[in-house]
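This report refers to the structure that appears directly beneath it.
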Amino acid sequence: MKHSTRRDVLALGLCGAFAGWGGVRRAAAQSLPESARILVGFPAGGAPDFVARRLAEQLSGKLARAVVVDNRPGAGGRIAVNIARQSAPDGTTLLLNPAGILTINPHSYSKLDYDPFTDFAPLGMAAEIDFGFAVGPAVPDSVRTLTDFVAWAKTNLGKVSFGSPAAGAPPHFVGDAFSRQADLQLTHVPYRGAAPAINDLLGGQVSALVLTLGDLVPHARAGKVRLLAITGPQRSRFAPDVPTFTEQRVSGLDVRDWFGMYLAGKPEPQVQARVAALVRTAVTAPAYVSGLASSSLEAASSTPEELERRARAELERWRPIVAASGFKAEN
């Protein structure tokens, strides 16, 4: 009978270890739910949808065997919010919230059917976003700066419009605040999402548009629109030649928007902690970071506590801006 060598024994031990690890991995995969979903309150094709799909790619096989994006557009994102409120708090229904769901809607609606700080649980940041102010073919080609636009608009008072992806969304209030500061009397045209707004800007049906920078940069690079200003405290690396509103002496618009991830319902603390850890790993993955950058979006991460603190602080920041606009949303 052949004697076993030390090498044979080590080889057998390693094979056993790998077999055991493979069994652990298979058992972990088998314990995952079949599916989970990320609710998005806006149509496919816009920035919220894009971010959610990149997140779903990262979370598939970790949160559940398959993670899908569930678009429920309408009512400024509130349809998705209400679906989340009524979903089981088992960790399989996530909600991607643009900041305005928590920081602006409480000021816009006389009565909200959700509480932004108790009806779903924070998980962490997903992305940070600047807004751009762009003009299209309805504006003379000679208009190349915000100063040019102000001068042109003042010769056409009451005839110049700006669009946003939704009434009561942050871009709406950015455009309104600029219009009031410059005394331009711009007419606001709300759309249902980014795609129809861009189509009308390119077609000349609306003079200007305030929209997520990532939605505007490709058209600016193609020479189809002109970016005149961006929000945010400093210039964006995705449009370094475009000055901020602050640089152009428009105050109060150094805002930076964000998307946060939330968990449906009121989950148990251990469920919230487990999913928050998965989300934080997902949003720091190189493929996620580079994927967002390819669409001029900045990946961001935070703890659940940091996300809640930021939301509460910005709730107060938006209060006077919304009040000055005079806007009241229909319940």
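- For the pair L307 and M261, the tightest heavy-atom approach, listed with the atom from each and the gap, is CD2-O, 3.8 Å.
- From L213, atom CG reaches atom OG of S236 across 5.0 Å, with rounding to the nearest 0.5 Å.
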Starting from the C-alpha separation in whole Å, work towards a yes-or-no answer on side chain to side chain contact (heavy atoms under 4.5 Å, CB included) for V275 and L63. CA-CA 7 Å; V275 181; L63 176 64; 4.0 Å; yes
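- A distance-only check finds no donor-acceptor pair linking the side chain of S295 to the backbone of L292 [under 3.5 Å].
- Hydrophobic clustering, with ILVMFWY side chains joined whenever heavy atoms are under 4.5 angstrom apart, keeps L227 apart from V135.
- For the pair E298 and R237, the salt-bridge criterion is met [side-chain N within less than 4.0 Å of a carboxylate O].
- The distance from atom CG of D254 to atom OG1 of T244, rounded to the nearest 0.5 Å, is 8.5 Å.
- Contact of the L123 side chain with the L278 side chain is not registered, since no non-hydrogen atoms from C-beta on lie closer than 4.5 Å.
- Linking Ile, Leu, Val, Met, Phe, Trp and Tyr residues whenever their side-chain heavy atoms come within less than 4.5 Å places V217 and L211 in a single cluster.
- Taking each heavy atom of A84 and A264 in turn, the nearest pair found is O-CB, 3.3 Å.
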Test R249 against T147 for side chain to side chain contact (heavy atoms under 4.5 Å, CB included), laying out the working first. CA-CA 10 Å; R249 299 182 181 180; T147 300; over 6 Å; no
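- At distances below 3.5 Å, not a single donor-acceptor pair connects side-chain atoms of T212 with backbone N or O atoms of D215.
- Looking at heavy atoms from C-beta onward, L228 lies out of side-chain contact with V242 at the 4.5 angstrom threshold.
- In terms of modelled atom types and a separation under 3.5 Å, the side chain of T246 and the main chain of S251 share no donor-acceptor contact.
- In this structure, the side chain of H219 does not engage the main chain of I198 through any donor-acceptor pair within 3.5 Å.
- Counting all heavy atoms, side chain and backbone alike, S60 lies closest to V67 at OG-N, 3.1 Å.
- Both V51 and L94 are assigned to one and the same hydrophobic cluster, defined by single-linkage of ILVMFWY side chains at heavy-atom distances under 4.5 Å.
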Please table the atom pairs, donor to acceptor, closer than 3.5 Å between any side-chain atom in residues 35-49 and protein atoms at least two apart or in another chain.
residue: R37; atom: NE; partner: T93; partner atom: OG1; Å: 3.4
residue: R37; atom: NH1; partner: D70; partner atom: OD2; Å: 2.9
residue: R37; atom: NH2; partner: S87; partner atom: OG; Å: 3.1
residue: D49; atom: OD1; partner: R53; partner atom: NE; Å: 2.9
residue: D49; atom: OD1; partner: R53; partner atom: NH2; Å: 3.2
residue: D49; atom: OD1; partner: N71; partner atom: ND2; Å: 3.1
residue: D49; atom: OD2; partner: G45; partner atom: N; Å: 3.2
residue: D49; atom: OD2; partner: R53; partner atom: NE; Å: 3.0

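- The ring pair (Phe, Tyr, Trp, His ring centres under 6.0 Å) test applied to F173 returns F327, not counting sequence neighbours.
- For E305 and R310, the salt-bridge test fails: no basic side-chain N is under 4.0 Å from an acidic carboxylate O.
- The ring pair (Phe, Tyr, Trp, His ring centres under 6.0 Å) check on W152 picks up F149, with sequence neighbours excluded.
- Here the side chain of R256 pairs no donor or acceptor atom with the backbone of T231 at under 3.5 angstrom.
- The backbone N or O of A75 lies less than 3.5 Å from a partner atom in the side chain of R78, making a donor-acceptor pair.
- Counting heavy atoms of neighbouring residues, nucleotides and ligands inside a 6.0 Å radius, atom NZ of K62 exceeds 12 of them.
- Between Q272 atom CD and L263 atom CG the span is 7.0 Å, to the nearest 0.5 Å.
- The shortest non-hydrogen separation linking F50 to S294 is CZ-OG, 4.3 Å.
- A donor-acceptor pair under 3.5 Å is formed between the side chain of D90 and the backbone N or O of T92.
- Note that CG of L59 and OH of Y288 are 9.5 Å apart. Values are rounded to the nearest 0.5 Å.
- Applying the salt bridge (charged side-chain N to carboxylate O under 4.0 Å, His left out) rule to R192 yields no partners; only residues at least two apart in sequence or on another chain are considered.
- Ion pairing of R319 with E316 is present here, as a side-chain N (NZ or NE/NH1/NH2) and a carboxylate O approach within less than 4.0 Å.
- Hydrophobic clustering (side-chain heavy atoms under 4.5 Å, transitive across Ile, Leu, Val, Met, Phe, Trp, Tyr) groups V250 together with V139.
- D130 and R235 are not joined by a salt bridge, as no carboxylate oxygen comes within less than 4.0 angstrom of a charged side-chain nitrogen.
- Rounding to the nearest 0.5 angstrom, the gap separating the CG atom in D119 from the CG atom in D113 is 9.0 Å.
- Judged as a salt bridge (charged side-chain N to carboxylate O under 4.0 Å, His left out), and not counting sequence neighbours, the contacts of D141 are R144.
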Working note: L297 + I129, criterion side chain to side chain contact (heavy atoms under 4.5 Å, CB included); need CA distance, chi angles, decisive distance, verdict. CA-CA 6 Å; L297 296 165; I129 307 103; 4.0 Å; yes
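- If you chain together hydrophobic residues whose side chains sit under 4.5 Å apart, V174 and I104 fall into the same group.
- For the residue pair S161 and V189, the shortest heavy atom distance occurs at CB-CG2, 4.0 Å.
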Please walk me through it: do R312 and F117 pass side chain to side chain contact (heavy atoms under 4.5 Å, CB included)? CA-CA 9 Å; R312 288 186 181 277; F117 297 103; 3.3 Å; yes
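- Annotation for R317 and G252: closest pair NH2-O, 3.8 Å, computed over non-hydrogen atoms.
- When side chains are defined from C-beta on, F133 does not count as touching L209, because their heavy atoms never get closer than 4.5 Å.
- Between I101 and P116, every side-chain heavy-atom pair lies at or beyond the 4.5 Å cut-off.
- The salt bridge (Lys or Arg N to Asp or Glu O under 4.0 Å) contacts involving residues 151-177 comprise D176-R180, where partners must be two or more places apart or lie in separate chains.
- Here the side chain of Q58 pairs no donor or acceptor atom with the backbone of L55 at under 3.5 angstrom.
- Considering only heavy atoms from C-beta on, V210 stays 4.5 Å or farther from F178 through its side chain.
- Within the 4.5 Å cutoff, side-chain heavy atoms of W318 are placed close to those of P170.
- Q205 contributes atom CD, which lies 4.5 Å from atom CG of D200 (distance to the nearest 0.5 angstrom).
- Of the possible donor and acceptor atoms, none in the side chain of R65 sits under 3.5 Å from a partner among the backbone N and O of P33.
- Proximity of P165 to P171: side-chain heavy atoms (C-beta onward) are separated by under 4.5 Å at one or more points.
- Counting only distance, with no hydrogens or angles, the side chain of Y191 and the backbone of A167 share no donor-acceptor pair below 3.5 Å.
- Aromatic ring pairs are classed by plane angle as parallel below 30°, tilted from 30° to 60° and perpendicular above 60°; the pair Y114 and F120 is tilted.
- With hydrogens and angles left out, the side-chain atoms of T145 and D148 include a donor and acceptor closer than 3.5 Å.
- Between F245 and L146, some side-chain heavy-atom pair lies under the 4.5 Å cut-off.
- A side-chain donor from one of S164 and H188 sits under 3.5 Å from a side-chain acceptor of the other.
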